[in-house]
Number of protein chains: 2
Amino acid sequence: MTATVKKAGSARERLLAASDELFYSEGIHTVGIDRVLEKANVAKGSLYYNFAGGKDELVETYLANRHGVWKDTVERGISAQADPVRRILAVFDTLGELFSRPDFRGCAFMNAAAEARPDSVEMLAAERFRSWIHELFGELTSALDTREPDRLALQLVVLYDGATTTAQMDHTAAAAAVSREMAELLLSRASGPAAGG
Amino acid sequence: MTATVKKAGSARERLLAASDELFYSEGIHTVGIDRVLEKANVAKGSLYYNFAGGKDELVETYLANRHGVWKDTVERGISAQADPVRRILAVFDTLGELFSRPDFRGCAFMNAAAEARPDSVEMLAAERFRSWIHELFGELTSALDTREPDRLALQLVVLYDGATTTAQMDHTAAAAAVSREMAELLLSRASGPAAGG
DNA sequence: CAGGTTTTAGACAGACCTGTCTGATATGGT
DNA sequence: ACCATATCAGACAGGTCTGTCTAAAACCTG
């Protein structure tokens with residue numbers, strides 16, 4: 001039964017934990033394998049034993065984990081609400097919690113894309129992430145009784161991106177509240193008076 | 001020899017032109033000095049003759065130029081309008097033109113910050129850029145007859161950042177129009193009915 | 001044309017980075 | 001106890017990167 005889950009504390013898990021901290025906080029290109037190995041307390045051979053694809057595969061897994069964790073966090077926040085409008089606003093509340101964390105340094109995928117080559121694993125991961133974001137707001141707005149759900153979804157994506165970027169660049173969690181207010185304004189117009197703009 | 005197109009300016013100018021193209025399109029860390037030298041058709045010694053500070057100084061100058069050019073472009077767009085509301089919307093129109101350019105790859109300062117160490121020249125340049133952005137929207141909203149100009153300015157910064165990030169990540173210039181519409185909505189509420197939200 | 005400035009080509013050092021390889025050593029299931 | 005799996009330590013090769021240096025050539029400008 002080698003298919004058992006790797007025990008906590010395995011070289012693989014330590015490598016991924018160290019990668020997550022280092023790649024996210026300092027950037028993928030600026031952090032070398034040796035830094036990860038040292039932080040994880042893992043021998044070099046174990047890296048290539050667990051990740052035959054080398055650094056690329058490590059980066060790919062790091063980003064896939066980030067995607068999964070964030071997706072779960074957002075969806076948990078959404079699922080606590082029943083009202084379609086509140087479900088949308090819950091996304092911005094979750095962003096606010098993210099921005100308040102001391103280690104927040106922006107969106108891992110925006111950062112990865114900023115330093116990535118066109119067909120790299122980073123770019124592919126970023127594209128997957130963006131697909132999910134659009135899918136997310138697409139589904140949330142389609143549950144609304146509004147005239148142009150697609151247009152609204154794109155507006156919300158812009159607010160999501162704006163909140164994240166402003167929070168990162170200006171080191172202020174207030175960006176979440178600001179974008180949430182704008183989202184509320186959009187939603188009150190969309191689901192309020194049937195007269196569209 | 002290959003000296004046909006060679007004298008298109010001093011070594012310094014050619015270096016800056018090549019830096020601008022390469023650093024912006026591929027990222028600062030991923031582009032080495034040798035790539036810049038080859039593209040600029042400049043000898044290595046000339047780089048250190050013109051930029052004694054090496055790559056750091058080249059990067060610093062590249063970012064300072066980007067800042068200056070963009071500032072001028074935005075301010076030119078603003079100055080073509082007299083009405084305070086239109087002056088604000090002009091910023092988003094200018095963004096739309098930027099996004100439509102085939103070489104658009106996001107905000108040079110957001111990208112630089114994503115791959116930069118805390119006290120690097122990139123970070124300092126990014127901070128200067130952010131100061132200017134806030135100053136810009138601060139001045140534009142203070143010319144408005146509205147109750148909370150500072151709050152409005154922050155909202156506009158979020159819209160500016162959201163437009164830029166969405167345009168980059170999703171390769172769509174539509175982000176400018178979307179954010180412009182949201183800005184219009186905010187401005188119509190701010191300068192319209194005196195009742196604040 | 002004389003002399004300081006600018007540019008060129010390329011070798012070189014020193015640092016870092018990824019990935020490979022070897023061989024010893026735990027670890028865990030049966 | 002056995003044996004495959006997993007991990008360790010570290011040397012090593014090959015690549016890239018920044019920055020220095022030399023010595024010659026081109027460019028201005030007075």
* **Selection from C/dT8, C/dT18, D/dT7 that lies nearest to any side-chain heavy atom of A/K55** => C/dT18
* Asked: What's the verdict on salt bridge (Lys or Arg N to Asp or Glu O under 4.0 Å) for B/E26 and B/R35, showing C-alpha distance, side-chain angles and the deciding distance?
  -> CA-CA 11 Å; B/E26 303 187 27; B/R35 296 271 316 281; 2.9 Å; yes
* According to a strict under-4.0 Å criterion, is B/S46 in side-chain N/O contact with OP1 or OP2 of C/dT6? -> no
* base_contact_polar (C/dG19 base, A/K44 side chain, donor-acceptor, <3.5 Å) -> yes
* To do: Check the distance between C/dA11's P and B/D34's CG and give it to me in whole angstrom.
  => 13 Å
* Rounded to the Å, how far apart are B/L22 CG and D/dC17 P? -> 12 Å
* Rounded distance (Å) that lies between atom P of C/dT6 and atom CZ of B/F51 -> 13 Å
* Asked: Among D/dA11, D/dT20, C/dT6, which is the nearest nucleotide to the side chain of B/Y49?
  -> C/dT6
* **Touch class at under 4.0 angstrom, heavy-atom based, for A/N41 against every strand present** => sugar-phosphate
* Aromatic rings B/F109 and B/F129: how do their planes relate, parallel, tilted or perpendicular, breaks at 30° and 60°? -> parallel
* To do: Apply the test salt bridge (Lys or Arg N to Asp or Glu O under 4.0 Å) to residues A/K39 and A/D34: give CA-CA distance (whole Å), side-chain angles for both, the deciding distance (0.1 Å), then the verdict.
  => CA-CA 9 Å; A/K39 175 149 210 150; A/D34 291 341; over 6 Å; no
* Atom-to-atom span, CG of B/L47 to P of D/dC17 - whole angstrom -> 14 Å
* To do: Indicate yes or no: does B/R180 engage B/E184 in a salt bridge with an N to O separation below 4.0 Å.
  => yes
* Asked: OH of B/Y48 versus P of C/dC12: gap in Å, rounded?
  -> 18 Å
* Asked: Expressed in angstrom and rounded to an integer, what is the separation of A/E38 atom CD from D/dA9 atom P?
  -> 12 Å
* **Protein-nucleotide distance (A/R35, atom CZ; C/dC16, atom P), rounded to Å** => 12 Å
* To do: Please figure out whether B/A43 or A/V31 has its closest DNA chain C nucleotide nearer the 5' end.
  => B/A43
* Which nucleotide in the set D/dT7, C/dT18, C/dT8 lies at the smallest distance from any side-chain heavy atom of B/R14? -> C/dT8
* Distance under 6.0 Å and angle within 45° of ring axis: A/R66 vs A/Y24 -> yes
* Grab the CG-P distance between A/L37 and D/dT7 for me, whole Å please. => 13 Å
* Under 4.0 angstrom, heavy atoms only, what part of the nucleic acid is B/N50 near: base, sugar-phosphate, or nothing? -> sugar-phosphate
